[in-house]
Each structure stands twice: as structure tokens, then as C-alpha cells.
Amino acid sequence: MVIFDSVTKTKRPFEPIKEGEVSIYVCGPTVYDDAHLGHARSSLAFDLLARTLRALGYKVTLAKNFTDIDDKIIKKVEATGKSMQEITAYYIDRYLEEMAQLGVQRADIEPKATESLGAIEAMIQRLIDKGFAYVVSNGDVYFDTSKDPRYGEISHKVHDEEENLSRVAHNSEKRNPKDFALWKACKGEEDICFDAPFASGRPGWHIECSAMIEKYFDGNGEYSIDIHGGGADLLFPHHENEAAQSRCATGHELAKYWMHNGFVQIDGEKMSKSLGNSFFLKDALKVYDGEILRYYLNSVHYRNDFNFNEEDLLAAKKRLDKLYRLKKRLLPGKASAVNPAFKKALLDAMSDDLNISVALSVIDEMVAAANEKLDENPKNKALKKETLANLAFIDTLLGFGGKEPYSYFQIGVDETLKEQIEALIAKRTEAKKAKDFAAADAIRDELTQMGIAIMDTPEGTVWERA
RNA sequence: GGAACCAUCGCCAAGUUGGUAAGGCCGCAGCCUGCAAAGCUGCUAUUCGCCGGUUCGAGUCCGGCUGGUUCCUCCA
């Protein structure tokens, strides 16, 4: 396995800190709103990473957190009158449900800030005790970036750019402009606060992740975890700050490898609420099947920016369709063993920093070759069984192609419509037998009008939702 | 203003030690079909934003330019 490390900006051979095991921590969502396509992409990218490492034989422990204490959540509390717990529980459920539709496997550990306050306070206290953090008059606790000589090494930001920092509003009690809050003291009566030795208040965003990583992973004395992941926008300041906190509190580095996924753009622009082009995953799922969205969103390398548009999505769907059409030709039947060369080619591609493009091309070629052989000999049982096994392997490694093909092609068609379609097809078959092609074609046109495509095969007429 | 990344066929997109351009969508021709659809076969970039340089040889390395995106502030 080779991984592109965002810190060194090179592909590095993956060597786990513990033989045969991989610890991964990915920054999850702040649960104050529905997940958008960007969350989906990040989730999908690291799902692919975990699946690939598992297929390679590693014992993977994936942690993905939920930030459930945050200013934006508090704003939502104020705006809706609901409790923080109600809001975060709702969006966590929504998130997990929508990611499940995309075929994202659940993380092994899903830490929440509210459940990690002890670890957070302990880490802040340790930073204060060691002199890396200081408390200001109102009770806020700040991390002193000037005390960490290696601050900036993760994101390669230069230290002294005072003039450029003027645009960042900052507390005048901060010793350095780049210092950031570890703990925000209570501001008023109705503020949401948690008790802590330094002041009643709540944790800053960055400390949550550092503390949760220390809580759940042992590391090896040199690093806490193998891989830390997240969106490209988290590299600075979030990950820089996390790394600094962990380094100063524990004396060792946070992660051996850092991985960052690219953005989802809509029409070439970053998706954001201010631009009015944000795209909620739940809305996309109303229109497109989760499996197709998964295939589409994963079809571009995770580090590249992803330009979401319907035309490309359609091309992705057609590609997936071909796989399922092949599957139709294989059933009913049982899978035998995966073709070794195919398996190796797929794993080799994914082992190269998750080269999904090559992996998909390997699959396309396998599909075409299988179709060709089936055209020559439709009863090639050994081939059918092996191909079925190949498809099962694709499902395990990449998370698509696992459905029953007829249900895949008939998503969204209810029973009454199904009966109607079957009846029309039966009528057309009769007309064809009677050589009444005009009538047969009329029925086919009618089906086309209904959005149904039909194909005559040696086994009879089959249909798909177009 | 500072920094980073990207620029390959109409569209999407691979291309890590420089060695002579994967795959998909679309399109065209053929096979198959009553006709279609599906499937298969063949064709479809002497060329990789532009200009220089290094080299026997560069999409791949170096320099410059242009264009696009991102980060520097909450953000996947």
C-alpha cells in the first residue's frame, strides 16, 4: 500500500506502527444540519481506504467523530428552542442513515465530544501544567503557538505573517495572533456550559479531536495513530492545531500519515451556503439511488476536486448498468473463486493511493471479456461462477454491484406498474409470435413512453427502468 | 497581499523511478435482431494549456507565462 501523505506531499509506502493493524481517525461532521455532498465524498473516500486496507489483510480500526458541541449547534438551539441533545441526535441519525444508503460501512468507533469531556479537560489541564496553554481573565483557555517550535509543519504555514492576520478578529488577550481557543468560558446565564477546573464553559473545536484520539488509541510512543484523515479544508488550521496540541500534551506526534480528500464543486465552484449552491445529500438521494451516487462520487480520485453534474452522473450510471446487465446473464448460479489475476489487478490499483480510475477500468475490461465469452458460449458454467465471484469481490472492496440485478434495474417501480409492464410484454410476445410486428412495436413504444426499456434475449424479454 | 494544487480526445478521467498516451460516456461502421434494445468487434488524441530549457528521448524534470480552483476565517 502506498499513501499520499499531505504533510510531505509525496506518496509514501504504508508501514503501520503495529504489525498488521491500522488505526485511522477521520474528522466527521459537526451535527447542526443535514449532510451535503462534501460530507458524502469524505465519508466515501475513507470508506474506500478502510475497505482496501481490510482486503489487504490489515485489522483496521476506523474512528469517525461527531462534533456535537459547537457554536453553530448552539445557534440552532437558540433558533429552534430545541435542546442540544435533540438536535445532535437527530442529525447524527440522519447522517448515519444517509451514509448507509451510500454503502458506507459504520466506523468502529464513533466518539462524541459530549462523551469525551473528561479526556478533553484532562488534555487541556496537561497543556496548562506544561506551560503550553494559558488562561485569560474571562476564563478562556488558549494554546500558545509560540511555545511549539514545530507549529506550522503540518500545513507548511509560515510563522510570522502578522500583517496578513489583521483580517482575523482576535481576542486582545491572546499572546499571539495564531493562538487558538482550547476552552471557551461561559458567557451568560443561558449559555450551554460544562464544568471544568479552569472555568465553566465548553471545549474548542480542535481539542475535541486530539483528546478523542488520545482516549481511544494507544499508538506506539512515537505516533498516536497511523492515519488521520479529513477534508482538504481541515489541513489548516484544524489539523495543524490538533497536531500541536497532541505533540505538546503527549510528547509524541499525532499521526504517521495525513490524508485529505478534495472538494465537491457544483458547476466548478465550491459548494457553500453563501453561494446558494449547496447540495444536500438527502436531496440527491431523492433523485438518485444511493449505489449510483456512491459509484459516481467515488469514480474520481479522492484527492481531486469533484465537479458534480448530472451529465457525468448519467455516464457513471451507464457504467454501473453494464455491470448489472452482466450479472443478469450469470444468474441463477453460485459463485466459485475470484479470478486471481483480476483480484490482484484490483488490489494493485487500490493499493496505489486508492487509484479508483484504474480499478474501474480493470472492472470494465473484466465485464467486457466476460460478455464476450458468454456470447461465444452462453452456457459456460465455470466462467459464470467465477464472474459471480469477481462481482462479489468488487462489492466487498468497492461497495457496489452487490444487489440482485432485477431489483437494481427496477428501483422505484411499484407492484401495480410492474404487473402492467409484465402484461404488456406478454401481449407483445404474442404479437411477435403471430408476426404482427406493427402491434409489437406499438407496445414497445408504449413501454418507452412509460420510461421502460426492453431487451429481447434468448431467455425471453427483459425490461429495465430507463 | 501570502501560499498550495490543477490544466491529457466533444465530455469524465488514468498515466510514482523520463522511453514514446488506460478505461468510461458520446459518435461512426459492422455482427446479432423481424426491427430495435442489450451484448460483441473495429474506428475515434503523432498528441498531453502556451513558451523556453535539461536529455539520445519529456504528458512526465527545470524556469517563465496564461487559465482554473483552493487555503490563509466556521467549513468535508
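Fair warning: this is a prediction, and the values are worked out from it, not measured in the lab.
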| task | Using the C1' atom on both, measure B:C61 against B:U17 and round to a whole Å. | result | 12 Å

| task | Under a 3.5 Å limit for both distances, which nucleotide forms a Watson-Crick or G-U wobble pair with B:U20, could you say? | result | none

| Of the nucleotides B:C72, B:A13, B:G39, which has the atom closest to the A:Val300 side chain? | B:A13

| request: List in chain and number order the residues that pass side-chain hydrogen bond (donor to acceptor under 3.5 Å, both in side chains) with A:Thr461, two or more places apart in sequence or in another chain; answer none if no residue qualifies. | output: A:Asp456

| Under the side chain to side chain donor-acceptor pair (under 3.5 Å) criterion, do A:Glu386 and A:Asn339 qualify, and how do the steps go? | CA-CA 6 Å; A:Glu386 182 187 85; A:Asn339 180 289; 3.2 Å; yes

| said: Measure CG/A:Asn261 against C1'/B:U70 and give the value in whole Å, please. | reply: 13 Å

| query | Is any side-chain nitrogen or oxygen of A:Arg325 closer than 4.0 Å to OP1 or OP2 of B:G39? | reply | yes

| query | A:Arg202 CZ to B:C74 C1': how many Å, rounded? | reply | 13 Å

| message | The side chain of A:Phe263 is closest to which nucleotide in this list: B:C71, B:C5, B:C12? | response | B:C71

| Set of side-chain contact (heavy atoms from CB on, under 4.5 Å) partners for A:Ala55, sequence neighbours left out | A:Leu347, A:Leu397

| How would you list, by chain and number, every residue that makes a ring-ring contact (aromatic ring centres under 6.0 Å, His included) with A:Tyr95, sequence neighbours excluded? | A:Phe66

| task | Would you kindly check whether a donor in the side chain of A:His36 faces an acceptor in the base of B:A76, or vice versa, at under 3.5 angstrom? | result | yes

| With distance as the sole test, does A:Lys432 use its side chain to make a donor-acceptor pair with the main-chain N or O of A:Ala439 at under 3.5 Å? | no

| request: Taking only the side-chain heavy atoms of A:Asn304 (C-beta and beyond), determine which of B:G34, B:A14, B:G15 contains the nearest atom. | output: B:A14

| request: Before accepting this row, confirm whether a basic side-chain N of the pair A:Asp144/A:Arg175 lies closer than 4.0 Å to the acidic partner's carboxylate O. | output: yes

| query | What is the distance from CG of A:Asp34 to P of B:A76, rounded to the nearest Å? | reply | 13 Å

| remark: Across all chains, not counting sequence neighbours, the salt bridge (Lys or Arg N to Asp or Glu O under 4.0 Å) partners of A:Asp5 are A:Arg12

| Selection from B:A76, B:A14, B:A22 that lies nearest to any side-chain heavy atom of A:Ser361 | B:A22

| B:C40 and B:G23, which share atom name P, separated by this distance in whole Å | 14 Å

| said: I'd like the P distance from B:C51 over to B:C9, given in whole Å. | reply: 16 Å

| note | Those residues at least two apart in sequence (or on a different chain) that pass side-chain hydrogen bond (donor to acceptor under 3.5 Å, both in side chains) with A:Ser299 are none

| note | Out of B:G23, B:A76, B:C72, minimum distance to the side chain of A:Phe236 belongs to B:C72

| note | In numerical order, the residues of residues 420-429 of chain A whose heavy atoms come under 4.0 Å of RNA chain B are A:Arg428

| task | State whether A:Asn355 places a side-chain N or O below 4.0 Å from either non-bridging phosphate oxygen (OP1 or OP2) of B:A14. | result | no

| task | Take atom C1' in B:A45 and the same atom in B:A13, then report the distance between them in whole Å. | result | 14 Å

| request: Quote, to the nearest angstrom, the P distance that separates B:G59 from B:U46. | output: 13 Å

| message | If you only use heavy atoms from C-beta on, which nucleotide in B:G39, B:G15, B:U69 is closest to the side chain of A:Asn371? | response | B:G39

| query | Does any nucleotide pair with B:C9 by Watson-Crick or G-U wobble geometry, both distances under 3.5 Å, and what is it? | reply | none

| note | Sorted by number, residues from residues 342-353 of chain A placing a heavy atom under 4.0 Å from RNA chain B are A:Asp352

| remark: Residues in residues 446-466 of chain A with a heavy atom under 4.0 Å of RNA chain B, by number, are A:Ile454, A:Met455, A:Asp456

| query | So which nucleotide from B:G34, B:G15, B:A22 ends up closest to the side chain of A:Asp441? | reply | B:G34

| request: Report, as yes or no, whether the 6.0 Å neighbourhood of atom NZ on A:Lys385 holds more than 12 heavy atoms from other residues, nucleotides or ligands. | output: no

| said: Salt bridge or not between A:Arg94 and A:Glu98? Use side-chain N to carboxylate O under 4.0 Å. | reply: yes

| B:G53 and B:C43: how far apart are their C1' atoms, nearest whole angstrom? | 38 Å

| said: Looking only at the side chain of A:Asp233 (C-beta and beyond, no hydrogens), which of the listed nucleotides B:C74, B:A76, B:G15 gets closest? | reply: B:A76

| field | Under 3.5 Å: donor-acceptor pair, side chain of A:Asp179, backbone of A:Lys174 | value | no

| Electrostatic pair A:Lys344-A:Asp348, nearest N-O below 4.0 angstrom | yes

| query | Please give, in whole Å, the distance from B:C25 C1' to A:Asp312 CG? | reply | 9 Å

| remark: For A:Asp34, the salt bridge (Lys or Arg N to Asp or Glu O under 4.0 Å) test, sequence neighbours excluded, returns A:Lys282

| query | Can you list, by residue number, the residues of residues 282-294 of chain A that have a non-hydrogen atom closer than 4.0 angstrom to RNA chain B? | reply | none

| request: Using Watson-Crick or G-U wobble geometry with both distances below 3.5 Å, tell me the partner of B:G42, or none. | output: B:C28

| request: Could you please name the partner base of B:G59, counting Watson-Crick and G-U wobble pairs only when both distances are under 3.5 Å? | output: none

| message | Regarding A:Asp108 and A:Lys64, does a basic nitrogen lie under 4.0 Å from an acidic carboxylate oxygen? | response | no

| query | Which base, if any, makes a Watson-Crick or G-U wobble pair with B:U47, both distances under 3.5 Å? | reply | none

| Is any side-chain N or O of A:Lys318 closer than 4.0 Å to OP1 or OP2 of B:C12? | no

| message | By nearest atom, which of the nucleotides B:A36, B:C40, B:C25 is closest to the A:Arg444 side chain? | response | B:A36

| request: Answer with base, sugar-phosphate or nothing: what part of the nucleic acid does A:His238 contact at a heavy-atom distance below 4.0 Å? | output: nothing

| request: Could you pull out all residues at least two apart from A:Arg465 that satisfy salt bridge (Lys or Arg N to Asp or Glu O under 4.0 Å)? | output: none

| A:Glu311 CD to B:A13 C1', straight-line distance once rounded to whole Å | 13 Å

| Over 12 foreign heavy atoms within 6.0 Å of NZ, A:Lys328 | yes

| query | Taking the six-membered ring for Trp, are A:Phe180 and A:His206 ring centroids under 6.0 Å apart? | reply | yes

| task | Considering only atom C1', compute the distance from B:A3 to B:C12 and round it to an integer number of Å. | result | 29 Å

| note | Taken to the nearest whole Å, CZ/A:Phe308 to P/B:C12 is 15 Å

| note | The salt bridge (Lys or Arg N to Asp or Glu O under 4.0 Å) partners of A:Asp352 (sequence neighbours excluded) come to A:Lys11

| field | Pairwise P distance for B:U16 and B:C28, with rounding to whole Å | value | 34 Å

| query | Within this structure, what is the CG-to-C1' distance between A:Leu326 and B:G39, rounded to whole angstrom? | reply | 10 Å

| request: Output the single nucleotide from B:C25, B:G34, B:C40 whose closest atom is nearest the side chain of A:Ala315. | output: B:C25

